[in-house]
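First the proteins, then the strands, lettered A, B, ... as listed; each starts at 1. In this text the structure is predicted, and so the values were computed from the model without any measurement.
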4 protein chains.
Amino acid sequence: MSAGEGAPAFVVRPLRREDRPGWQPLWDGYNAFYGRAGETALPDAITESTWERFFDAAEPVHALVAEEGGRIVGLAHYLFHRSTTRLADVCYLQDLFTIPEMRGRGVGRRLIEAVGEAARERGCGRLYWQTQAGNEASRALYDRVARHHGFIVYSQEL
Amino acid sequence: MSAGEGAPAFVVRPLRREDRPGWQPLWDGYNAFYGRAGETALPDAITESTWERFFDAAEPVHALVAEEGGRIVGLAHYLFHRSTTRLADVCYLQDLFTIPEMRGRGVGRRLIEAVGEAARERGCGRLYWQTQAGNEASRALYDRVARHHGFIVYSQEL
Amino acid sequence: MSAGEGAPAFVVRPLRREDRPGWQPLWDGYNAFYGRAGETALPDAITESTWERFFDAAEPVHALVAEEGGRIVGLAHYLFHRSTTRLADVCYLQDLFTIPEMRGRGVGRRLIEAVGEAARERGCGRLYWQTQAGNEASRALYDRVARHHGFIVYSQEL
Amino acid sequence: MSAGEGAPAFVVRPLRREDRPGWQPLWDGYNAFYGRAGETALPDAITESTWERFFDAAEPVHALVAEEGGRIVGLAHYLFHRSTTRLADVCYLQDLFTIPEMRGRGVGRRLIEAVGEAARERGCGRLYWQTQAGNEASRALYDRVARHHGFIVYSQEL
């Protein structure tokens with residue numbers, strides 16, 4: 001029997017304050033994967049600030065988690081921002097992570113769908129995210145659910 | 001004598017309401033270049049809304065123009081938005097355009113620098129933009145002033 | 001039989017774009033009552049902008065209406081804003097209006113309650129509004145549903 | 001010689017992070033004066049959050065201080081928010097405080113003026129604040145610099 005068969009055992013739902021212990025290791029793992037802030041971990045002050053923004057209704061920063069049997073097994077952090085070519089905000093899915101042992105079970109796909117639903121509900125017409133060109137595992141999924149129009153990202157630290 | 005010699009004749013400054021007649025053709029040209037909204041032009045309602053946002057202090061959407069001898073010869077539209085891995089907002093340079101006859105004179109470079117200065121002044125630590133991978137003319141400049149970390153953009157219309 | 005008996009025939013619900021024809025006369029009537037902008041009516045550009053903000057998910061400006069038999073009979077416009085003494089935003093009920101022939105039927109009270117529910121749902125802990133000290137008709141209701149702590153409003157046109 | 005004569009020895013300027021030790025006692029004194037949060041002090045978490053918002057360019061919350069000889073002698077906290085009857089935001093001067101020994105020297109007046117200048121610069125056309133009707137000392141100043149149109153404030157805790 002393949003991992004994908006049957007109804008998924010996990011549920012996708014908004015992050016809650018009491019998820020902190022379960023969410024933290026995924027967030028740390030995600031940041032370790034991308035090696036943010038050079039070799040060092042993301043400063044705690046940023047994690048605290050982002051965490052508070054998830055629960056501040058005045059902030060456009062949101063989080064969903066995938067939970068299985070009381071355990072957080074995936075996360076999606078997204079935010080809304082203006083665009084010069086849209087009336088409504090666009091939705092940026094900034095962070096997407098599934099714990100290794102749950103990969104291939106549709107967690108990432110379901111998280112993307114749920115972000116899309118939340119964005120659509122808010123009147124938003126575009127969902128986007130970034131990935132490293134060489135991240136073939138992720139791109140196998142992304143190529144099925146979204147389109148890549150050949151845009152690459154340049155950045156400057158100021 | 002190369003076009004780049006001597007002091008640039010153009011100045012870079014914030015967009016003003018009275019620039020509308022000079023700004024409009026550049027905006028139209030830029031959108032035609034990217035073929036936004038399929039084969040059709042950007043709806044007027046979006047241009048009106050974006051224009052008003054440039055002058056609404058509560059909106060994080062801003063515009064700079066390059067002017068030479070009273071003529072608008074370049075534009076840069078940028079906006080600030082949250083990030084889950086930063087305390088301060090990041091700056092997205094969404095639109096950058098120089099009229100064809102002014103290319104190679106440093107207009108784009110100077111516009112990027114001015115956006116970076118505005119962002120830094122606001123406490124922002126990251127400026128980024130997107131470009132099509134095959135846009136070699138632009139990338140020749142971008143590779144000198146910024147870094148490309150291999151990220152590509154996926155998107156969904158909702 | 002008193003006006004308050006039986007189930008109210010009106011419903012309170014979020015404003016919709018198709019309510020524009022029914023909403024406009026109430027808005028005009030409300031502004032005439034307060035004599036805003038001196039003797040002149042509120043400029044159309046402001047009404048258009050406020051109307052669009054009601055439907056822009058990035059804006060903290062919202063509208064509810066009371067409808068009876070397909071007719072708009074009351075409106076409540078509210079917005080959220082920061083406070084230096086709160087974590088969450090506070091809610092300002094800026095505009096509240098019931099058409100004269102529906103007064104005394106509980107429309108204003110129900111609109112205030114519905115704004116309070118929307119605010120509470122957003123995590124907001126304080127709802128406030130202003131009224132003229134001499135507006136006895138309105139204050140009879142306000143004194144039943146809220147408290148007046150003796151604060152008065154000073155303002156400057158800049 | 002009256003206290004008001006000669007050039008004021010104090011300066012009014014934006015709050016800086018290093019002002020924290022000097023700002024804190026004024027903030028505590030101000031909150032004690034208004035007896036916020038019942039008999040208890042304002043929770044530290046709120047002070048921390050408001051403090052951080054002063055330095056977050058994405059937040060519409062700002063602070064000015066009056067300084068004399070290196071000592072913070074007055075504070076003004078203000079914020080911008082939407083209005084249904086304006087295109088531009090309005091400015092709410094939420095907190096204004098001068099240490100007792102500096103009263104009558106024009107600190108409050110100068111702080112109000114400076115907030116007005118900051119608001120005007122941002123395109124804002126209205127500055128307002130609230131005061132208790134019985135606060136005669138403050139109203140003596142307010143009646144000289146602003147107008148009271150008879151509006152009083154009702155509020156509900158949700």
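Residues of residues 148-158 of chain D lying under 4.5 angstrom from chain C, judged on non-hydrogen atoms, are D:H148, D:H149, D:G150, D:F151, D:I152, D:V153, D:Y154, D:S155, D:Q156, D:E157, D:L158 by number.
C:R71 meets the salt bridge (Lys or Arg N to Asp or Glu O under 4.0 Å) test with C:E101; sequence neighbours excluded.
Nearest heavy atom pair, residue D:A45 against residue C:L87, reads O-CD2, 3.6 Å.
The structure places OG1 of D:T84 at 7.5 Å from CG of C:N31, a figure rounded to the nearest 0.5 Å.
Within a 6.0 Å radius of CD in C:E136, other residues, nucleotides and ligands contribute more than 12 heavy atoms. Counting non-hydrogen atoms of neighbouring residues, nucleotides and ligands closer than 6.0 angstrom, the CZ atom of C:R147 reaches no more than 12 such neighbours.
Ranked by heavy-atom pairs under 4.5 Å with chain C, the first of D:A146, D:G134, D:G125, D:A133 is D:G125. Between chain C and the options D:E117, D:R53, D:Q130, heavy-atom pairs under 4.5 Å are most frequent for D:R53. In terms of heavy-atom pairs under 4.5 Å with chain C, the best-connected choice from D:Y142, D:F80, D:W129, D:Y128 is D:W129. Between chain C and the residues D:L93, D:T131, D:I112, the largest count of heavy-atom pairs under 4.5 Å involves D:T131. If you tally non-hydrogen atom pairs under 4.5 Å between each of D:R82, D:E59, D:H77 and chain C, the highest count goes to D:R82. Ranked by heavy-atom pairs under 4.5 Å with chain D, the first of C:R120, C:E48, C:R126 is C:R126. Among C:L79, C:V61, C:N135, the residue with the largest count of heavy-atom pairs under 4.5 Å with chain D is C:L79.
Using a 4.5 Å cut-off between heavy atoms, D:Y78 makes no contact with chain C at all. Contact annotation for D:T47: neither backbone nor side-chain heavy atoms come within less than 4.5 Å of a heavy atom of chain C. Contacts of D:D143 with chain C are made by both backbone and side-chain atoms, with heavy-atom separations under 4.5 Å. With a threshold of 4.5 angstrom between heavy atoms, C:L127 approaches chain D through its backbone and through its side chain. Neither the backbone nor the side chain of D:V90 comes within less than 4.5 Å of any heavy atom of chain C.
Inter-residue side-chain proximity for D:Q94 and C:T85 is flagged as met; some heavy-atom pair is nearer than 4.5 Å.
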